[in-house]
Amino acid sequence: MKKIIFIFLLSLITVINLNAQIYEVKREKIPAENTYSKGSIEKINMDFTISTIKERSGYMNPEFALDPQKDSKKSLLLAGLFSAAIPGAGELYTGNYLQSALFIGIEAASWIINVKYNKKGDDQTAFYQSYADAHWSVIRYATWVERNLDKIVPNQKDIDKIRPIFQSLYKQGNTPADQIYWDKLNEIERIIGGGGGKGQAFSHTLPKYGDQQYFELIGKYPQYSQGWDDSDQNSDGNFYDRVTENFRYYASERGKANDYYNTATTFVSIIVINHIVSAIDAVLMAHFHNKAHVSVSYNGNALPNGKIEMKPNFHLSINF
């Protein structure tokens with residue numbers, strides 16, 4: 001709006017200067033009692049004579065149109081690319097500052113929440129993994145399986161296959177994970193899982209220590225419940241119905257980490273959507289900007305007292 005007013009005034013001044021001969025400037029006499037203080041602006045009247053108007057009537061009737069959009073077309077491609085890269089940038093380019101602030105705010109807030117919940121997920125993961133290292137042992141799990149083998153697998157043929165493997169399962173090492181041959185343990189699990197009976201609940205083979213699946217399975221499937229340090233190593237093999245409190249606690253803590261990561265992922269989706277919506281919006285705003293035309297004009301009419309009445313006009317048109 002300021003730009004329109006400025007152009008209008010500049011055009012008006014130019015016309016007046018070029019046609020100075022059609023009017024005369026008369027300074028109004030100021031009564032002594034109403035003299036202005038130093039630095040004030042005195043009143044100036046611009047009087048147009050009837051005779052001059054008749055002689056120069058052709059100058060007083062035209063409409064002077066200002067189209068601020070004529071030289072300020074916005075590229076739809078650039079607007080879309082700007083907002084696709086940085087939401088709100090395309091709106092800023094097209095002069096839609098409120099929408100720009102909205103998209104930038106959503107982007108900033110989404111990244112802050114994403115980083116925050118990823119950090120919470122990482123911290124929670126470190127916690128539950130440390131808890132597992134302190135309370136779950138693969139040696140305890142393997143020992144319980146060996147002790148309850150005949151209660152888990154009713155097929156004697158499968159039991160006879162497994163017992164020799166147990167004899168070569170263990171080795172020297174500094175940690176429980178280093179004191180076992182993982183491939184042999186997985187072979188035992190596969191035989192038990194296919195042997196029928198209670199062993200049918202052995203649906204998985206334990207991934208190597210440190211894998212994400214390792215930390216997931218020991219707190220997800222009851223077959224691994226007897227590896228926790230509050231398990232009953234002398235049970236009757238009913239591991240499926242006797243998951244321990246540590247098993248349940250660990251599962252809930254691991255669930256919290258997953259919830260944090262899910263929240264972070266949700267805001268990644270919001271970020272992607274924000275880029276797409278902002279890009280589409282920026283293209284539409286550029287299109288609207290290019291199709292919307294504003295014009296300011298005036299008409300000059302001669303008054304009986306010999307002066308000119310100036311009537312400004314404002315016009316907005318939008319082409320679709």
Side-chain angles (χ1 to χ4, degrees), residues 110-148 152 165-166 168-193 198-199 201-235 237-271:
S110 297
W111 276 113
I112 290 172
I113 296 174
N114 171 265
V115 171
K116 176 182 178 180
Y117 276 86
N118 268 318
K119 178 63 167 56
K120 289 171 73 71
D122 290 344
D123 292 343
Q124 186 65 20
T125 297
F127 170 76
Y128 77 69
Q129 289 182 354
S130 296
Y131 185 86
D133 290 341
H135 297 279
W136 195 89
S137 168
V138 67
I139 298 297
R140 186 182 297 111
Y141 163 68
T143 300
W144 182 88
V145 171
E146 183 177 12
R147 183 180 296 125
N148 293 274
I152 298 172
I165 302 175
F166 268 113
S168 59
L169 177 64
Y170 306 101
K171 63 177 182 176
Q172 295 294 321
N174 295 325
T175 65
D178 295 331
Q179 295 170 9
I180 201 169
Y181 290 105
W182 227 269
D183 56 340
K184 294 182 181 295
L185 175 63
N186 293 158
E187 183 180 358
I188 291 171
E189 290 173 320
R190 283 190 290 270
I191 295 172
I192 295 175
K198 295 177 181 178
F202 275 55
S203 56
H204 291 75
T205 57
L206 187 64
K208 289 186 177 181
Y209 173 80
D211 289 355
Q212 185 273 332
Q213 285 292 304
Y214 165 88
F215 287 105
E216 179 178 346
L217 265 58
I218 62 175
K220 186 175 183 180
Y221 294 101
Q223 88 181 63
Y224 299 110
S225 63
Q226 301 305 313
W228 292 97
D229 55 8
D230 63 339
S231 64
D232 182 4
Q233 291 292 298
N234 297 315
S235 66
N238 292 322
F239 62 90
Y240 196 83
D241 299 325
R242 295 184 180 181
V243 294
T244 70
E245 289 301 318
N246 285 351
F247 178 96
R248 294 190 181 91
Y249 175 75
Y250 174 81
S252 67
E253 293 302 305
R254 191 178 64 82
K256 290 180 182 178
N258 289 338
D259 290 341
Y260 293 146
Y261 286 130
N262 288 338
T263 300
T265 301
T266 297
F267 278 90
V268 169
S269 299
I270 292 175
I271 289 169

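- Annotation for Ala251 and Gly219: closest pair CB-O, 3.2 Å, computed over non-hydrogen atoms.
- The aromatic rings of Tyr117 and Tyr260 sit tilted relative to each other, their planes meeting at an angle between 30° and 60°.
- A donor-acceptor pair under 3.5 Å links the side-chain atoms of Gln124 to the main chain of Glu253, judged by distance alone.
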Practice task
Output, in order, the C-alpha distance, side-chain angles, deciding distance and verdict of side chain to side chain contact (heavy atoms under 4.5 Å, CB included) for Ile165 and Ile191.
Solution key: CA-CA 11 Å; Ile165 302 175; Ile191 295 172; 4.0 Å; yes
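- Separating the CZ atom in Phe202 from the CD1 atom in Ile152 is a distance of 4.5 Å, to the nearest 0.5 Å.
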Practice task
Run the numbers on Phe166 and Val145 for side chain to side chain contact (heavy atoms under 4.5 Å, CB included), then give the verdict.
Solution key: CA-CA 10 Å; Phe166 268 113; Val145 171; 3.8 Å; yes
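- Side chain of Tyr261 to main chain of Asp122: a donor-acceptor pair is present (N/O by atom type, distance under 3.5 Å, no hydrogens or angles).
- In this structure, Tyr209 and Asp133 have side chains that are in contact, with non-hydrogen atoms separated by less than 4.5 Å.
- With values rounded to the nearest 0.5 angstrom, Asn186 atom CG is found 7.0 Å from Leu206 atom CG.
- When atom types are taken as modelled, the side chain of Asp230 and the backbone of Asn246 share a donor-acceptor pair closer than 3.5 angstrom.
- Counting heavy atoms from C-beta outward, Tyr128 and Lys256 have side chains that stay 4.5 Å or more apart.
- Distance check: Asp183 CG to Ile188 CD1 gives 10.0 Å after rounding to the nearest 0.5 Å.
- Between Tyr250 and Trp136, the ring centre distance reaches or exceeds 6.0 Å.
- Remark: Arg190 does not engage Glu187 in a salt bridge, criterion side-chain N to carboxylate O under 4.0 Å.
- Pairing each heavy atom of Pro207 with each of Leu217, the nearest pair is CD-CD2, 3.6 Å.
- Side-chain atoms of Gln179 come within 3.5 Å of backbone atoms of Gly173 as a donor-acceptor pair (strictly under, hydrogens ignored).
- When all heavy atoms are compared, the tightest approach of Gly227 to Arg140 is O-NH1, 2.7 Å.
- Heavy atoms only, all atoms of each residue included: Ile218 and Ala132 are closest at CD1-CB, 3.8 Å.
- How far CH2 of Trp182 is from CD of Glu189: 9.5 Å, rounded to the nearest 0.5 Å.
- Val138 and Pro176 get closest at one heavy-atom pair: CG1-O, 3.4 Å.
- With hydrogens and angles disregarded, a donor-acceptor distance shorter than 3.5 Å links the side chain of Asn148 to the backbone of Trp144.
- The OH atom of Tyr141 sits 4.5 Å away from atom CD of Gln223, with the distance rounded to the nearest 0.5 Å.
- One distance of note links CZ of Phe247 with OH of Tyr221; it measures 10.0 Å at 0.5 Å rounding.
- Summarising the geometry of Ala142 relative to Leu185, their closest heavy-atom pair is CB-CD1, 4.4 Å, with the distance given to 0.1 Å.
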